[in-house]
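Read through the structure below, which is laid out as structure tokens, and then see the notes.
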Amino acid sequence: MPEGPELHLASLYVNKMCEGLVFSGSVEKSDVNKNPEVPFCCDAYCIKAQSRGKEVILTLTPIKNDDDGKRKVAKRQSQQPMDVVFRFGMSGFFRFTSVDDLPKHAHLRFYTNENPCRVLSFEDTRRFGSWHPNGTWQKDRGPCVMFEYESFRENVLSNLSDKTFDKPICEVLLNQKYFNGIGNYLRAEILFRLQIPPFVKARTVLEGLVLQDEEKKKVKKEITVVESTDKTGKKGVKAETPDLLSLCHTVPLEVVQLGENGYAPAKGKYSVLQAWMQCYCVDGMNSLGDHNGRTIWFNGDPGPMVPKGAKSRKIMWKRQKDDHDYTDSKKAKKTCTDSTAKAKPAKKKDNIKVKKENATSKTQNASKRQKKTTKKVNVAPADENKKPKTRGKRSPKVLPKTGTNTIKSQRVEEVNKTKRNSVTCRKSATKAKPQRKRSGTQGGRSSK
DNA sequence: CGTCCACGTCTAC
DNA sequence: TAGACCTGGACGG
């Protein structure tokens, strides 16, 4: 699930798994993938990762060996570190496995120098992901919402005259020039926290924050003074009521806090993140296609700038095929679909509706709603409606049930393996996995 | 079987 | 503002 938090978790994952390991040889690319080869080759190198917004950089650093440095000069060894910039598209992520467990869609592979060697691979089922050898953070992407918060905020607030802010807030939130790291589920969760209708003009929502920030700066000194003097138990500082931009920072960080459960494709997987979601794909919420054809999830009013003909979407929320064992989570999922969706929303205020409406009436409603809307917006940071969570029937977690799980999954692996050779890797099938030793380049790993 | 949908960019009328 | 780029899961007939 590659939005900012997942990219960051990916970088943590890489650093954790690769710490202290020595990688060796050349970087291998699958044949089907159209991204460039990574022209890096070294007997001994290490891998480190960092993230910024929706990008990850892997740094491949040759490990110096003073002794034989000269002897090996002959070979075409990379002497300099290389940065490779990754964007994950819709399905990219990193995995570290044994060679035998090489995943089906491992499109870029880094091998360790271990005896049965292991592999760090960039897996990307849909191949929308990209990598760029000797790359840099993409120009035109803004500061990271998670780790460059101040400049992120500054970048938005000092550019509100940009016509991009004429658009609905939900669409602007996907603009990586200003919101590097926000993606489709985050925009829904963020707007939901403040109950901001998705189709309100972005500038309208953000204008207020400019003054707000300036006030803060003025008052800041006072505050710090106050804080230092009166030490009322709390740590102070954090007290600020959240606004849209601060939530663009804290909400993704919440996901990072969930940890690799949200990322590691191994186990319960999505269940944790899914349980965390309050809006995106949540039963009882509304959904509409935005002007770019992306589905926005929200609660209550859509706001005035709804695209003509926008239709509500159905959920087809995957349930990470752990096959077996989910006995009733399966039912839960079905519930999620829609028929029952009607049944449950009893809880919400009562102003919902929208859901299955048709375009025509919608626009009309929209104008009518506008007042309500704007009112809401102004009231937004109220922090009172903070907990509307209908929360009810999130999926019941799916606990792993380890025993069966492992066995089963192993079996699955076997199947995949055989399949893999014939299908995914086709051309590459020959060198598919174990004997991946690029004849020409250099003998490398297995030999020694 | 076919259709729709998916956590994202890109570039071409 | 549409497609294009891809694979695969869920669902409908």
Side-chain angles (χ1 to χ4, degrees), chain A residues 1-10 30 32-35 51 53-56 85-93 103-107 123-132 138-142 145 164 167-168 170-171 173-177 179-190 251-252 255-256 258 262-263 265 269-274 276-277 279-282 287-297 307-323 326 329-339 412 416 419-420 423-426:
Chain A
M1 340 191 52
E3 296 185 18
E6 288 76 23
L7 280 275
H8 182 66
L9 287 167
S30 74
V32 278
N33 199 292
K34 292 170 183 164
N35 282 296
S51 79
K54 262 187 256 185
E55 295 181 307
V56 164
V85 180
F86 289 82
R87 258 157 266 146
F88 281 15
M90 294 286 270
S91 57
F93 61 97
K104 190 175 173 186
H105 297 284
H107 291 297
E123 224 182 310
D124 184 10
T125 307
R126 297 181 67 181
R127 283 185 254 152
F128 292 170
S130 62
W131 60 79
H132 308 268
Q138 189 175 43
K139 183 107 175 11
D140 284 354
R141 298 188 80 104
V145 294
T164 200
K167 296 180 184 172
C170 73
E171 292 167 20
L173 283 174
L174 292 185
N175 185 337
Q176 302 300 299
K177 183 174 175 185
F179 296 89
N180 190 4
I182 302 302
N184 204 25
Y185 79 75
L186 284 171
R187 70 170 176 172
E189 296 298 321
I190 289 164
V251 172
V255 178
V256 171
L258 295 179
Y263 181 72
K269 213 183 170 176
Y270 293 112
S271 51
V272 175
L273 182 59
Q274 210 166 250
W276 171 87
M277 305 263 193
C279 181
Y280 182 80
C281 283
V282 168
S287 65
L288 289 171
D290 69 13
H291 289 94
N292 302 306
R294 304 268 263 145
T295 301
I296 174 69
W297 289 82
K308 283 186 276 285
K311 286 276 298 175
S312 95
R313 306 287 179 86
K314 278 190 195 171
I315 318 174
M316 292 190 163
W317 193 240
K318 10 217 136 210
R319 182 22 106 298
Q320 218 44 208
K321 34 97 136 307
D322 292 19
D323 338 78
Y326 46 152
S329 55
K330 184 151 196 178
K331 273 174 227 146
K333 188 240 244 66
K334 245 186 184 152
T335 300
C336 204
T337 311
D338 73 333
S339 51
V412 172
N416 280 346
K419 199 156 91 183
R420 178 191 316 141
V423 184
T424 316
C425 297
R426 357 170 177 240

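Remember, it's a predicted structure, so these values are computed and weren't measured experimentally. Chain naming here is simple, since letters A, B, ... match the order of the sequence lines and numbering starts at 1 in each.
- Distance, A:N175 CG to B:dG8 P: 13 Å, rounded to whole Å.
- Taking atom CG of residue A:N180 and atom P of nucleotide B:dG8, one finds them 12 Å apart after rounding to whole Å.
- In this pair, A:Y185 and A:W276 present their aromatic rings perpendicular. The plane angle is above 60°, beyond the 30 to 60° band.
- The phosphate of B:dC5 (OP1 or OP2) has no side-chain N or O of A:T295 nearer than 4.0 angstrom.
- At whole-Å resolution of the value, CG in A:N35 and P in B:dG8 are 17 Å apart.
- Not a single donor-acceptor pair under 3.5 Å links the side chain of A:E123 to the backbone N or O of A:G92.
- Distance A:M90 CE to B:dC4 C1': 13 Å, rounded to the nearest Å.
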Every protein N/O lying under 3.5 Å from an N/O of nucleotides 10-13 of chain B:
unit_1, atom_1, unit_2, atom_2, d
B:dC10, OP1, A:R87, NH1, 2.4
B:dC10, OP2, A:Q138, NE2, 3.3

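- In this entry the distance linking CD of A:E3 with C1' of B:dT9 reads 13 Å, nearest Å.
- Partners of A:R87 by salt bridge (Lys or Arg N to Asp or Glu O under 4.0 Å), not counting sequence neighbours, listed by chain and number: A:E55.
- Residue A:H291 has no polar side-chain atom (N or O) positioned under 4.0 Å from OP1 or OP2 of C:dA2.
- Close to C:dG8, at under 4.0 Å from its OP1 or OP2, lies a side-chain N or O of A:K104.
- Side chains of A:S91 and A:D124: a donor on one and an acceptor on the other come within 3.5 Å.
- Closest to the A:R127 side chain, of the nucleotides B:dA6, C:dT7, C:dC5, is C:dT7.
- Rounded to whole Å, the P atom of C:dC5 lies 12 Å from the corresponding atom of B:dC13.
- We find that the ring of A:F128 and the base of C:dC5 stack, their centres lying under 5.5 angstrom apart and their planes tilted less than 30°.
- Regarding contacts with the backbone of C:dC5, every side-chain N or O of A:R126 stays at 4.0 angstrom or more from both OP1 and OP2.
- With 3.5 Å as the limit, one finds a donor-acceptor pair spanning the side chains of A:H291 and A:E171.
- Between B:dA6 and A:R313, a contact under 4.0 Å exists linking OP1 or OP2 to a side-chain N or O.
- Nearest to the side chain of A:K54, among B:dG8, B:dA6, C:dG8, sits B:dG8.
- Distance A:D124 CG to C:dC5 P: 16 Å, rounded to the nearest Å.
- Separating the CG atom of A:D290 from the P atom of C:dA2 is a distance of 11 Å, rounded to the nearest angstrom.
- Between A:F88 and A:F86, the two ring planes are perpendicular [angle over 60°; tilted spans 30° to 60°].
- Judged by distance alone, the side chain of A:Q176 and the main-chain N or O of A:G181 form a donor-acceptor pair under 3.5 Å.
- Proximity of A:Q176 to the phosphate of B:dG8: no side-chain N or O atom is located under 4.0 Å from OP1 or OP2.
- Side-chain contact check for A:R313 and A:S287: no donor-acceptor pair (N or O, by modelled atom type) lies under 3.5 Å.
- To the nearest whole angstrom, the two P atoms, one in C:dG13 and one in B:dC5, are 15 Å apart.
- Rounding to whole angstrom units, NZ of residue A:K177 and C1' of B:dG8 are separated by 18 Å.
- Within the nucleic acid shown, A:S91 has no heavy atom closer than 4.0 Å to any nucleic acid atom.
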